Amino acid sequence: MFRAKLSVVPGWLALCAAAWLVAGCSTTEADKTANWSPNRIYSEAKDESNSGAYDKAVPLLEKLEGRAAGTPLAQQAQLDKAYAQWKAGDKVPAIATLDRFMKLHPASPAIDYALYLKGVINFNDDLGLFSWMTRQDLSERDQKAAKESFESFKELVTRFPESRYTPDARLRMNYIVNSLAQYEVHVARYYYTRGAYLAAINRAQLALSDYREVPALEEALYIMYMSYDKLGMTDLRDDAQRVLTKNYPQSEYLTRGFRAKDDPWWKLW
């Protein structure tokens, strides 16, 4: 039977290994903020944020949270960290930071700002580098973030009607409602262009039943009119046309058809 032999490490080799470990430990970067006051940490973090170095501001603000725990400065650090995380492209951690802030400080005078910032982060109006080529708008993407954004703005407007952030929140809420309605119409148009006329009608009817007085409803009625026509359902087609012309007497859909991709449906930003 073979047995493994335990080799003995020469003394000189063990010394070298120990020296290497000590040298490695000595290269660990020292905490440059160790002797800084909370105010200095905050000042440095603000400087990093103002210069666009949000990834450098975040760890400074995290240190400040610990150093100034239980003070208004620590609360401010949390809010600034959420903003810096968002601007650095870390939306999920930013939302988590805001949720934690609102849970820990429900009576904070900055709750309105926290709700507003959460709504803005979820507003998700950044369409990416090639949006100018694709002409994609908010209505053509998944609406989960838009709905979450709406809920944050709604809570802000309801709880803090006099907040300085409420007027902009209301504008964004209007945009989101239009976006959600247009999303349904976008899907209805998709079905129509692929010959799924019943599916197009159902989706257009969903927009008409769920939303009121939004621009997208004009196209929803037009899609229903065209879909009924394709199906040979003339009575329903004529009904859809009558409702369309009654509510939108100057509608250009009946004369020029669907809008070109270059025509934005409705936008404030």
Side-chain angles (χ1 to χ4, degrees), residues 41-42 44-66 73-106 108-160 163-183 186-187 264 266-269:
I41 296 175
Y42 184 66
E44 292 287 336
K46 293 295 288 183
D47 287 344
E48 296 289 7
S49 290
N50 291 337
S51 66
Y54 299 106
D55 57 327
K56 295 181 180 178
V58 170
L60 288 171
L61 292 166
E62 288 175 341
K63 288 182 183 296
L64 181 57
E65 281 187 74
L73 189 58
Q75 294 184 33
Q76 185 63 52
Q78 277 186 284
L79 293 173
D80 288 356
K81 184 178 75 170
Y83 180 84
Q85 288 171 320
W86 169 49
K87 297 298 286 185
D90 297 325
K91 294 176 60 175
V92 174
I95 294 295
T97 298
L98 290 170
D99 285 340
R100 179 171 173 267
F101 174 86
M102 289 186 282
K103 182 178 181 180
L104 292 176
H105 313 290
S108 170
I111 287 292
D112 61 335
Y113 173 74
L115 287 168
Y116 176 73
L117 182 57
K118 184 177 179 180
V120 170
I121 292 172
N122 274 322
F123 190 69
N124 196 26
D125 198 28
D126 180 6
L127 300 174
L129 180 62
F130 300 107
S131 61
W132 64 275
M133 295 174 60
T134 63
R135 301 295 294 178
Q136 186 190 39
D137 62 46
L138 185 62
S139 70
E140 297 178 35
R141 294 171 292 142
D142 180 74
Q143 299 298 288
K144 182 176 182 294
K147 291 177 181 178
E148 292 175 352
S149 177
F150 184 88
E151 289 304 316
S152 295
F153 290 138
K154 181 180 178 181
E155 184 176 355
L156 167 62
V157 169
T158 302
R159 292 178 58 188
F160 306 99
S163 169
R164 58 183 293 193
Y165 306 107
T166 293
D168 187 65
R170 291 186 188 277
L171 287 176
R172 291 176 186 267
M173 287 173 69
N174 290 336
Y175 177 82
I176 291 169
V177 168
N178 278 276
S179 170
L180 293 173
Q182 185 63 29
Y183 176 75
H186 175 77
V187 175
W266 187 84
K267 194 170 177 65
L268 288 177
W269 286 268

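All figures in this text were calculated on a predicted structure; none of them were measured in a lab.
- Of the inter-residue distances, the one linking Leu79 atom CG with Leu98 atom CG reads 7.0 Å to the nearest 0.5 angstrom.
- When the salt bridge (charged side-chain N to carboxylate O under 4.0 Å, His left out) test is applied to Asp47, no partner is found at least two apart in sequence or on another chain.
- Atom OG of residue Ser149 and atom OH of residue Tyr175 lie 11.0 Å apart, to the nearest 0.5 angstrom.
- With sequence neighbours excluded, the residues satisfying side-chain contact (heavy atoms from CB on, under 4.5 Å) with Lys154 are Phe150, Glu151, Thr158, Met173.
- With sequence neighbours left out, Tyr165 forms a side chain to side chain donor-acceptor pair (under 3.5 Å) with no residue at all.
- Checked by atom type, the side-chain pair Gln76/Asp80 shows a donor-acceptor distance below 3.5 Å.
- A salt bridge links Asp168 with Arg172; the closest basic N to acidic carboxylate O contact falls under 4.0 Å.
- Taking Ser51 as the reference, Glu48, Ala53 meet the side-chain contact (heavy atoms from CB on, under 4.5 Å) condition, with sequence neighbours excluded.
- Here the CG atom belonging to Leu171 is positioned 11.0 Å from the CD1 atom belonging to Ile176, to the nearest 0.5 angstrom.
- Residues meeting the side chain to side chain donor-acceptor pair (under 3.5 Å) test with Ser163, sequence neighbours left out: Asp112.
- Put simply, the residue from Val120, Ile121, Asn122 that forms a side-chain contact (heavy atoms from CB on, under 4.5 Å) with Lys118 is Asn122.
- Side-chain atoms of Thr166 and Tyr116, non-hydrogen and from C-beta on, never get closer than 4.5 Å to each other.
- Taking the side chain as every heavy atom from C-beta outward, Gln75 and Phe101 approach each other to under 4.5 Å.
- Using cut-offs of 30° and 60° on the angle between ring planes, the pair Tyr83 and Trp86 is perpendicular.
- Under the 3.5 Å distance criterion, with hydrogens and angles disregarded, no donor-acceptor pair is assigned to the side chains of Thr97 and Gln78.
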Report all side-chain donor-acceptor pairs from residues 55-66 shorter than 3.5 Å, counting only partners two or more places apart or in another chain.
{"from": "Glu65", "atom 1": "OE1", "to": "Arg100", "atom 2": "NH1", "distance (Å)": "3.2"}
{"from": "Glu65", "atom 1": "OE2", "to": "Lys81", "atom 2": "NZ", "distance (Å)": "2.8"}

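- Contact annotation: the side chain of Leu115 approaches that of Met102 to within less than 4.5 Å [non-hydrogen atoms, C-beta and beyond].
- Across Ala84 and Tyr54, no two heavy atoms sit closer than the pair O-CB, 3.4 Å.
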